[in-house]
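Atom set for the values below is all heavy atoms of this structure, side chains included, hydrogens, waters and symmetry mates excluded.
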Amino acid sequence: MTATRRPESAFDVPVATNVVGAEAIRASTPQTVMDLLRGRPGTYVQQTTPGQGVVIVRGLKGSEVLQLVDGFRLNNAIFRNAPNQYVALVDSQMLGQVEVVRGPMSALHGSDAMGGVVQMLSEEPRLTGGEWSAQGTLRSIYGSADDSTLSRIEGAAGHDGLTISGGATYQSVGDRRVGGGETLPYTSYSQRAADLKLRAEVAPGHEITASIQSSEQPKTPRYDELTPGYGQAQPTSAVFYYEPQRRDFAQLRWRATNSTSLWDNAEVHAGWQVLEDDRRTRDFGSNNLDQEKNRDTTLGLTFQAGKSLRGGHFLTWGADYYDDTVDSSRVRTNIVTGAKSARPPRFPDGSTMSQLGVFAVDDWNASERLDVILGVRVSHVATRLPPSGASAGVAVDDDDLSGNLSVAYAVRDDVRLVANLGRGFRAPNVFDLGTFGDRPGNRFNVPNPDLNSETVTTLDAGVKIDRPRVQAELVAYVSRYKDKITSVLTGEETASGRLIVQNQNASRLDLAGIEAGLRGQLRDDLEWYASATWTRGDETVDGVESPADRIPPIFGAAGLSWDATKTITLEAYLEYSGSQDRYSPRDEVDPRIEPGGTPGWVTWNARGAWQATEALSLSVRLANLGDRRYREFGSGLDAPGFDCLVTVDYGFRTQASN
């Protein structure tokens with residue numbers, strides 16, 4: 001479990017969590033990973049342009065929330081502390097589970113784990129038996145709202161002690177039709193992905209796993225830049241394409257389950273990741289076409305071990321190290337004359353960022369009813385920007401001591417009271433310190449090398465219930481966010497009319513919220529569920545208080561699922577959001593956000609699934625049945641209108657004969 005770095009149920013851990021399993025992943029037919037978290041307690045989804053998405057956890061977003069893939073940091077040196085596109089480069093179709101821990105987790109996971117941690121875990125099939133066997137699935141999905149198709153082939157082969165698995169996904173998405181029938185231009189894209197994994201028991205109690213993942217969006221348009229937003233008579237850009245966006249990842253994991261004097265279990269992860277963020281842009285009315293190449297290469301090494309000690313203590317301890325290198329360049333071409341010239345890159349070329357942390361967590365069963373978890377981490381983050389032109393090089397070193405205290409008291413076996421006090425931090429990265437160039441919302445960023453770490457302290461308390469027919473979680477929290485790195489308007493504009501902004505440790509942020517999730521069974525074949533999340537944020541800059549940036553309105557979901565027969569499941573559900581008119585000063589001038597307030601909305605949806613044969617399954621999801629036109633607060637475009645999504649899965653399994 002991401003909350004404790006060892007296997008535990010969501011009910012047993014005292015912190016607030018969401019867990020999305022393989023069955024729910026398959027049922028939701030997601031275009032991006034973040035679609036899996038829509039409507040769940042504490043997680044709000046924002047989408048600036050199709051093919052991308054970000055989750056907002058407890059009012060925080062971007063690099064303020066740590067994202068992991070199979071335990072490796074997706075967050076890197078060029079992650080921005082605002083909605084970004086990188087999570088969409090994780091293929092949702094290869095995932096077996098998504099876990100969200102809500103609240104600061106820096107004691108376990110280091111920098112960026114402030115609003116929480118999102119962990120995306122790829123499937124790990126394990127084939128057994130003395131003879132070779134194989135299994136696989138062919139999947140096809142069609143969506144009517146954007147004439148989209150998705151195809152996935154995956155399989156596994158192996159026997160006791162050895163499994164080889166993998167898959168390939170291709171997705172083609174057309175222009176989006178929104179509620180009422182209008183089709184939005186610049187909303188089509190494609191994506192291709194592949195993954196491969198080998199798991200082998202090399203000795204009793206010792207397992208090695210080698211895995212690779214690759215995903216690419218060859219050419220994705222930036223809708224909000226290419227069409228006029230609120231208050232705009234013309235678009236900000238004449239050309240804006242992510243061309244391409246790509247993620248390559250390789251990891252080697254050793255896992256030991258044989259007990260020694262130092263551990264009962266241990267594992268080492270060694271990983272490599274490259275994120276490419278190339279862009280082709282031209283401001284509206286300009287003859288200058290910019291071609292950017294931006295790449296972040298991350299090397300990571302993690303060790304962790306767990307040991308059961310006397311007195312009801314279980315100690316988890318370890319260390320991790322990550323090293324990022326940034327390559328960035330920009331070439332400008334005059335489309336009239338053809339003249340080319342080098343321009344300042346988006347990020348200082350050759351910048352580096354290294355993170356070293358040592359952590360220990362004691363999970364103490366103080367009594368039959370009382371569980372106490374105490375965690376501590378010492379971190380060192382070093383960021384280096386090389387000299388460029390007249391600018392001297394920049395060296396920023398951040399040292400941090402983070403901790404958390406969690407308490408769970410079992411009122412009875414199926415009811416727990418929980419409370420958590422945690423401190424998180426985020427060291428300024430290369431994006432914060434050295435970004436130069438266009439930003440969403442008609443802005444232009446200039447660098448600021450003089451930044452310090454942000455910190456957040458959060459206190460939450462609530463109750464968890466796990467009864468045979470009812471599961472529930474209710475949590476309330478307050479957070480104090482200090483030295484927040486904020487994009488501040490300088491009062492100047494570029495020649496093309498973009499507002500010049502700069503990152504500064506300029507604000508304090510106070511957050512509070514209530515998160516609720518319920519699930520129950522009316523009968524063995526009839527299940528209901530509901531969720532609701534309320535968040536409030538207030539920001540203070542230079543002594544002036546205002547609503548915080550991009551705080552979601554109240555939101556949630558509710559539904560009813562019926563197992564009509566052994567092979568047929570029917571579901572009806574709604575997703576909802578309240579209105580939001582508490583705008584920050586940045587919200588008020590953001591062309592993605594409707595002036596005066598973003599209206600609330602409710603969508604009605606239905607789903608049916610049929611296991612036609614042991615091998616063949618069919619499902620139909622009818623989303624936004626009322627064809628309502630709406631926009632999720634902070635998103636760059638309206639949500640899809642009525643959408644009929646059809647999924648066909650065909651599975652097979654073979655067994656070698658003796």
Side-chain angles (χ1 to χ4, degrees), residues 38-39 44-50 53-54 56 59-62 82-83 176 178-182 184-187 222-237 284 439-444 486-489 491 493 497-501 507 509-514 532-542 544-556 574-603 624 626-641:
R38 185 172 275 108
Y44 190 79
V45 175
Q46 186 269 1
Q47 186 177 49
T48 293
T49 198
V54 69
I56 298 174
L60 301 180
K61 56 199 176 294
R176 174 178 293 188
V178 298
E182 182 183 349
L184 304 182
Y186 307 115
T187 53
R222 180 67 184 260
Y223 172 82
D224 66 310
E225 287 275 336
L226 295 170
T227 59
Y230 294 110
Q232 291 183 315
Q234 61 190 31
T236 304
S237 298
F284 191 85
R439 293 288 308 278
N442 194 39
R443 294 173 297 162
F444 186 93
T486 302
S487 180
V488 175
L489 293 166
E493 294 185 6
R498 286 184 179 266
L499 305 175
I500 296 178
V501 295
S507 75
L509 180 60
D510 293 298
L511 295 161
I514 300 173
T533 300
W534 171 82
T535 312
R536 181 185 174 95
D538 294 287
E539 188 172 18
T540 303
V541 180
D542 295 331
V544 179
E545 184 175 299
S546 64
D549 190 28
R550 270 207 226 179
I551 298 299
I554 187 170
F555 67 91
L574 62 87
E575 295 177 340
Y576 68 89
S577 174
S579 60
Q580 179 61 289
D581 57 7
R582 294 193 78 245
Y583 284 0
S584 72
R586 288 180 297 278
D587 292 337
E588 291 175 349
V589 298
D590 193 323
R592 292 169 290 186
I593 298 176
E594 185 171 349
T598 300
W601 49 268
V602 177
T603 63
N624 195 2
D627 198 33
R628 176 162 189 163
R629 185 160 189 172
Y630 69 98
R631 178 175 295 198
E632 291 170 301
F633 174 65
S635 292
L637 75 169
D638 291 343

Treating [X] as the side-chain partner and [Y] as the backbone partner, does any N or O pair qualify as donor plus acceptor under 3.5 Å?
| X | Y | result |
| --- | --- | --- |
| Ser635 | Gln47 | yes |
| Tyr44 | Phe633 | yes |
| Asp638 | Gly179 | no |
| Gln580 | Ile551 | yes |
| Asp581 | Gly596 | no |
| Thr187 | Arg176 | yes |

Could you tell me the separation between the [atom1] atom of [X] and the [atom2] atom of [Y], rounded to the nearest 0.5 Å?
| X | Y | atom1 | atom2 | value |
| --- | --- | --- | --- | --- |
| Arg498 | Thr236 | CZ | OG1 | 5.5 Å |
| Leu184 | Leu226 | CG | CG | 12.5 Å |
| Thr540 | Asp510 | OG1 | CG | 6.0 Å |
| Asn624 | Tyr630 | CG | OH | 5.5 Å |
| Gln46 | Arg592 | CD | CZ | 6.5 Å |
| Glu493 | Ile500 | CD | CD1 | 8.0 Å |

(request) Identify whether the distance between the nearest side-chain nitrogen and carboxylate oxygen of Glu575 and Arg628 falls below 4.0 Å. (result) no

(message) Tell me whether Asp587 is salt-bridged to Arg582, with the criterion being a basic N under 4.0 Å from an acidic carboxylate O.
(response) no

Can you name the nearest heavy-atom pair linking [X] to [Y], along with the distance?
| X | Y | value |
| --- | --- | --- |
| Pro185 | Thr227 | CG-CG2, 4.2 Å |
| Pro50 | Tyr223 | CD-CB, 4.3 Å |
| Pro585 | Ser546 | CD-OG, 3.5 Å |
| Asp627 | Gly180 | OD2-N, 3.1 Å |
| Ala532 | Tyr576 | CB-OH, 3.2 Å |
| Glu225 | Ser237 | OE1-OG, 2.6 Å |

(message) Evaluate Glu632 against Trp601 for side chain to side chain contact (heavy atoms under 4.5 Å, CB included), listing each step before the verdict.
(response) CA-CA 9 Å; Glu632 291 170 301; Trp601 49 268; 3.8 Å; yes

(request) Kindly indicate whether the side chain of Leu511, heavy atoms from C-beta on, has any atom under 4.5 Å from the side chain of Leu60. (result)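 Counting from C-beta outward, Leu511 and Leu60 do come under 4.5 Å.
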
(message) For a 4.5 angstrom cut-off between non-hydrogen side-chain atoms, does Ser579 reach Pro599?
(response)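 Result no, sub-4.5 Å side-chain heavy-atom pair not found.
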
(request) Give the C-alpha distance, both sets of side-chain angles, the deciding distance and a yes or no for side chain to side chain contact (heavy atoms under 4.5 Å, CB included) between Tyr583 and Asp590. (result) CA-CA 10 Å; Tyr583 284 0; Asp590 193 323; over 6 Å; no

(message) side chain to side chain contact (heavy atoms under 4.5 Å, CB included), that's the test. Do Thr48 and Arg222 meet it? Break it down for me.
(response) CA-CA 8 Å; Thr48 293; Arg222 180 67 184 260; 3.2 Å; yes

(request) Verify side chain to side chain contact (heavy atoms under 4.5 Å, CB included) between Glu594 and Arg631, making sure each step is shown before the conclusion. (result) CA-CA 9 Å; Glu594 185 171 349; Arg631 178 175 295 198; over 6 Å; no

